[in-house]
Amino acid sequence: MIKRTIVIDTDPGQDDAVAMLLALASPGELEVAAITAVAGNVPLERTFDNARRLVELAGRPEVPVYAGAPRPMFRDLITAEYVHGDTGIDGAVLPEPVVPALDDDAVDVIIDLLRERPPGTVTLCPLGPLTNVAQVMVRAPDVVDRIQEIVLMGGAFYEGGNTTPVAEFNILVDPHAADIVMRSGAPVVMMPLDVTHRALVLPRHLERFAAMGTPVGDAVHGMLDFYQRYDVEKYGIAGVPLHDPCVIAYLLEPSLFSGRHCNVTIETGSPITMGMTVVDWWGMTDREPNCFYMRDVDSDGFFDLLADRIGRL
Ligand code: RIB
Ligand code: CA
């Protein structure tokens, strides 16, 4: 497997945290060139601080973390403390960051990285609202063609929304940014709720993290134990869907996932369906396919990969 260079754009968030740890536990396959924080689950100052704490928890303090957009492009910020807790990573109390905060702007960092690295060698992994990625495309249209792939968590269609009846959180927070990304022509792999709701971490899985007896295992167990409460109560399911780790698992073992290349268009006009990802799964329109839309995952294989890698930290 050729080592991939990735940027993780994130709004930690317990599931973002597990995705980051999965990536940072896989240095043989992934070069994490930068982690960029965006406002989403909780405000930017918290997502930035959480990301800095997580790279140190992973024993990877050399991975640079940068702060990006504090709010969506046009809409007011909506956050999700009701799901993630006030810190965004409730369930774990991580040490204060030791590495001083970097003050470079995340969007500029991504633009510079795309210009410095050979074309087609940097993959962007957005795990939150797409504000930073859209700003990259607006500020520097020349770099769009240099993006190897955008593998993002967001969207929903057959599963319905998790924040409105039709909209998934990441897309709803900044639908205009999502529209820019989906119209950009960059190669996109979308991990929507249709697939992430099948990547359920069950109680028996949770206990494997607790049994690791490591600071990382304990933190993951605590975060997911807290995080599951909302989904278990809302959906009545016996597990917590691990949305964001699906992005990293796809990079490590793409055969775990299946989907179809089709058109996904973002609703940015209607107040009723704002942020909806309209998926032309059956090719019923003349809209060009613009992403690989995932709908299924081998959940046992997904979890085995996750537990194996987290167990390495
Ligand atoms: O809808 C799920 C997504 O919204 C995940 O990325 C979660 O972290 C939140 O950002
Ligand atoms: Ca997220």
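Count residues from 1 along the sequence. All ligand and atom numbering here is 1-based and tracks the order in the structure. In this text, all values refer to a predicted model and were calculated from it rather than measured experimentally.
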Exercise. Has Glu233 got more than 12 heavy atoms of other residues, nucleotides or ligands less than 6.0 Å from its CD?
Worked result: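 No, because the 6.0 Å sphere around CD of Glu233 holds 12 heavy atoms or fewer from other groups.
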Exercise. When you look at CZ of Arg183, are more than 12 heavy atoms from neighbouring residues, nucleotides or ligands closer to it than 6.0 Å?
Worked result: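 Atom CZ in Arg183 is not packed in, count stays at 12 or less.
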Exercise. Where does the angle between the aromatic ring planes of Phe257 and Tyr250 fall among parallel (under 30°), tilted (30 to 60°) and perpendicular (over 60°)?
Worked result: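 Perpendicular, since the angle between the ring planes exceeds 60°.
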Exercise. Is the closest basic N to carboxylate O distance between Asp142 and Arg146 below 4.0 Å?
Worked result: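 Salt bridge flag = no for Arg146 with Asp142.
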For this session: Identify whether the distance between the nearest side-chain nitrogen and carboxylate oxygen of Arg53 and Glu96 falls below 4.0 Å.
Result: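 Glu96 and Arg53: salt-bridged.
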Exercise answer, ligand 1 polar atom pairs (N/O) under 3.5 angstrom:
residue	atom	partner	partner atom	Å
ligand 1	1 (O)	Asn162	ND2	2.8
ligand 1	1 (O)	Glu168	OE2	2.6
ligand 1	4 (O)	Asn170	OD1	3.2
ligand 1	6 (O)	Leu127	O	2.8
ligand 1	6 (O)	Asn170	ND2	3.0
ligand 1	6 (O)	Asp244	OD1	2.6
ligand 1	6 (O)	Asp244	OD2	3.0
ligand 1	8 (O)	Asp15	OD1	2.6
ligand 1	8 (O)	Asp15	OD2	3.2
ligand 1	8 (O)	Asp16	OD1	2.8
ligand 1	8 (O)	Asn41	ND2	3.0
ligand 1	8 (O)	Asp244	OD2	3.1
ligand 1	10 (O)	Asp11	OD1	3.3
ligand 1	10 (O)	Asp11	OD2	3.0
ligand 1	10 (O)	Asn41	OD1	3.2
ligand 1	10 (O)	Asn41	ND2	3.3
ligand 1	10 (O)	Asn170	OD1	2.8

Exercise. Hey, which of Thr79, Asn170, Thr131, Asn50 is the one that makes side chain to side chain contact (heavy atoms under 4.5 Å, CB included) with Asp11?
Worked result: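 Among Thr79, Asn170, Thr131, Asn50, the one that satisfies the side chain to side chain contact (heavy atoms under 4.5 Å, CB included) with Asp11 is Asn170.
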Problem set entry | Heavy-atom pair with the smallest gap, counting every atom of Met73 and Ala134 |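 Met73 and Ala134 have their closest heavy atoms at SD-CB, 3.9 Å.
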For this session: May I ask you to check whether Thr123 and Gln148 show a side-chain donor-acceptor distance below 3.5 Å?
Result: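 Yes.
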Exercise. Is any protein N, O or S atom closer than 3.0 Å to the Ca ion (ligand 2), and if so, which?
Worked result: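 The answer, once waters are left aside, is Asp11 OD1, Asp16 OD1, Asp16 OD2, Leu127 O, Asp244 OD2.
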Exercise. So, Phe303 versus Phe209, ring centres under 6.0 angstrom or not?
Worked result: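 Distance test on ring centres: under 6.0 Å, yes.
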